[in-house]
There are 2 protein chains.
Amino acid sequence: METARTGPTHAAQRDTDVETPPRPPHNARAAGEQAARTPGQRAGLTREAVLATAHELLTERGLDGLSMRELARRLGVAPNAIYSHVAGKTALVDDLLDEVLAAVETPDAETNDPTSGLTRIMTSTYRVLLDHPDLVPLYLARQGARGPNAQALGEVMFAQLAQAGITGSAAHEARRVLIVYTIGFAALATPTASDASDDRPLSSAELFGNFTAGLAWLLNGIMSDA
Amino acid sequence: METARTGPTHAAQRDTDVETPPRPPHNARAAGEQAARTPGQRAGLTREAVLATAHELLTERGLDGLSMRELARRLGVAPNAIYSHVAGKTALVDDLLDEVLAAVETPDAETNDPTSGLTRIMTSTYRVLLDHPDLVPLYLARQGARGPNAQALGEVMFAQLAQAGITGSAAHEARRVLIVYTIGFAALATPTASDASDDRPLSSAELFGNFTAGLAWLLNGIMSDA
DNA sequence: CAGCTATATTGGACAGCGTACAGTTAACGA
DNA sequence: TCGTTAACTGTACGCTGTCCAATATAGCTG
């Protein structure tokens with residue numbers, strides 16, 4: 001796959017004689033093209049493009065498929081170029097994780113039924129997580145996301161719990177239980193690994209019912225504590 | 001993928017360990033010594049030694065600290081030598097995970113209170129997991145263990161559920177919920193990452209109460225379904 | 001418009017990883 | 001005693017994340 005260089009002309013690196021190559025006017029990042037750029041030239045990379053392509057690569061090729069080098073290849077860029085836009089691979093993944101959480105639907109702040117509000121948050125989170133199966137193990141390995149979206153979600157949950165009269169450490173407990181349960185369930189529902197552990201794979205509908213049942217039990221317990 | 005083909009590497013599946021044959025008593029594994037061995041000489045490595053050192057290395061230096069090369073270094077052996085005893089790194093970790101589960105305490109088969117029986121299993125699992133914090137993310141990433149110990153545990157859970165009149169797909173659901181909840185909770189209870197997400201770290205006692213509360217809610221719901 | 005500075009990008013490199021291949025030798029059964 | 005088998009080493013390949021110095025471009029200042 002590599003060494004597509006074979007270029008008729010300059011395979012030389014430090015050559016440097018005039019010979020200005022045709023400069024791409026609007027550039028636009030090439031999909032599969034190899035970068036024919038000399039050191040100083042811009043590629044028009046943006047942080048958003050990096051994140052988007054990384055996300056795409058991750059959901060497409062899995063966690064092991066996400067490497068800085070492959071990412072750079074897709075962006076038509078040298079691997080190091082990425083480091084001008086993200087601090088490193090772990091930072092990249094962190095941002096990715098938080099980005100996904102933006103899609104979680106939260107109830108209106110005025111909803112006066114905390115149980116249904118929390119159900120909505122958690123089921124939406126569950127669905128969002130299932131939309132990105134390859135991210136789920138990462139949430140787990142990192143014990144949840146820590147970015148602004150994650151933080152905001154946590155606040156909404158607190159608000160709902162407060163409406164149910166649950167505050168302080170009890171609220172922390174309840175929130176933790178709900179988060180753990182939801183992420184964990186998404187993890188087990190995710191069919192990445194050879195999940196033929198013991199029986200036929202459950203359908204996603206079955207799993208979802210499964211999830212909501214357990215969620216209802218938890219919420220029931222939480223509310224009855226208040 | 002590990003393939004692990006090539007005739008010689010057979011690595012003996014775990015089962016029934018026959019008696020340990022005479023080992024080179026001196027030698028043993030050198031702590032910091034450098035291997036002064038020429039190609040054909042034996043190092044007295046055993047599968048158990050490999051697993052034990054790997055376990056030690058993992059809990060000591062974390063997941064990123066566990067590398068075949070560092071493991072070999074500790075064993076006083078060339079990296080490839082390990083492949084005579086385990087099929088590859090992933091197999092090694094799989095065995096590690098299952099090994100730990102052997103410590104989970106299960107109720108007597110005759111216990112006639114499924115709720116307390118399941119509580120016992122899950123709390124014991126929780127404690128065992130917390131004893132090996134650095135393994136927990138691995139359980140999650142792999143969605144639980146799949147070795148014989150894990151399988152046996154699953155069977156015991158089924159037996160308890162059956163005593164409560166829960167069988168078939170309902171039993172599968174319930175078991176999945178319980179496993180997810182337990183592993184997930186252990187994950188969030190594990191303080192590996194900078195867990196200063198929002199508030200002071202809960203004490204382990206708080207977390208344990210937290211865990212048992214949610215567990216009780218789940219079991220309550222499960223049993224009320226039967 | 002010229003000049004300066006900040007920075008996006010490249011080639012190259014480093015250290016480390018998992019593991020395959022091909023030898024060399026010790027242990028073991030015949 | 002010999003032949004086979006398994007453990008072990010040396011070496012090497014292709015991969016990884018990331019740093020460094022050089023370079024050309026973009027944007028700002030004048």
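Atom-to-atom distance recorded for A:Leu138:CG and A:Leu63:CG is 5.0 Å, nearest 0.5 angstrom.
Listed here is the closest heavy atom pair of A:Leu71 and A:Ala54: CD1-N, 3.6 Å. When every heavy atom of B:Tyr139 is checked against every heavy atom of B:Ile183, the shortest pair comes out as CB-CG2, 4.0 Å.
Using a 4.0 Å cut-off between a side-chain N of Lys or Arg and a carboxylate O of Asp or Glu, B:Glu60 and B:Arg74 qualify as a salt bridge.
Between the CG atom of A:Leu45 and the P atom of D:dA26 there is a distance of 14 Å, rounded to whole Å. Atoms OH (B:Tyr83) and C1' (D:dA6) sit 18 Å apart, rounded to a whole Å. Between A:Lys89 atom NZ and C:dG16 atom P the separation is 19 Å, expressed in whole Å.
Residues passing the side chain to side chain donor-acceptor pair (under 3.5 Å) test with B:Glu70, sequence neighbours excluded: B:Arg73. Residues that satisfy the side chain to side chain donor-acceptor pair (under 3.5 Å) test with B:Arg61, not counting sequence neighbours, are absent from this structure.
A distance-only check finds a donor-acceptor pair linking the side chain of B:Asp98 to the backbone of B:Ala150 [under 3.5 Å].
Contacts between residues 60-72 of chain A and DNA chain D, defined by a heavy-atom separation under 4.0 Å, are made by A:Leu66, A:Ser67, A:Met68, A:Arg69.
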Contacts under 3.5 angstrom, residues 82-94 of chain A side chains, donor-acceptor by atom type, not counting sequence neighbours:
| unit_1 | atom_1 | unit_2 | atom_2 | d |
| --- | --- | --- | --- | --- |
| A:Lys89 | NZ | A:Leu66 | O | 2.9 |
| A:Asp94 | OD1 | A:Arg142 | NH1 | 2.6 |

Under 3.5 Å donor-acceptor pairs involving side-chain atoms of residues 121-129 of chain B, not counting sequence neighbours:
| unit_1 | atom_1 | unit_2 | atom_2 | d |
| --- | --- | --- | --- | --- |
| B:Thr123 | OG1 | B:Thr119 | O | 2.8 |
| B:Thr123 | OG1 | B:Arg120 | O | 3.2 |
| B:Ser124 | OG | B:Glu105 | N | 2.8 |
| B:Thr125 | OG1 | B:Ile121 | O | 2.8 |

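Looking at the side chain of B:Arg37, the nearest of the listed nucleotides D:dC8, D:dT18, C:dC17 is D:dC8. The side chain of B:Pro39 sits closest to C:dT24 out of C:dT24, D:dG17, C:dT19.
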Protein-nucleotides 3-7 of chain C N/O pairs closer than 3.5 Å?
| unit_1 | atom_1 | unit_2 | atom_2 | d |
| --- | --- | --- | --- | --- |
| C:dT7 | O2 | A:Arg42 | NH2 | 2.5 |

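Contact between the side-chain N/O atoms of B:Arg73 and the OP1/OP2 oxygens of C:dC17 is found at a separation under 4.0 Å. At the phosphate of C:dT9, neither OP1 nor OP2 sits under 4.0 Å from any side-chain N or O atom of A:Gln41. Within the 4.0 Å cut-off from OP1 or OP2 of C:dT9, at least one side-chain nitrogen or oxygen of A:His85 is found.
Remark on DNA chain C: of its neighbouring residues A:Ile82 and B:Pro79, the 5'-side contact belongs to A:Ile82, judged by nearest-heavy-atom nucleotide.
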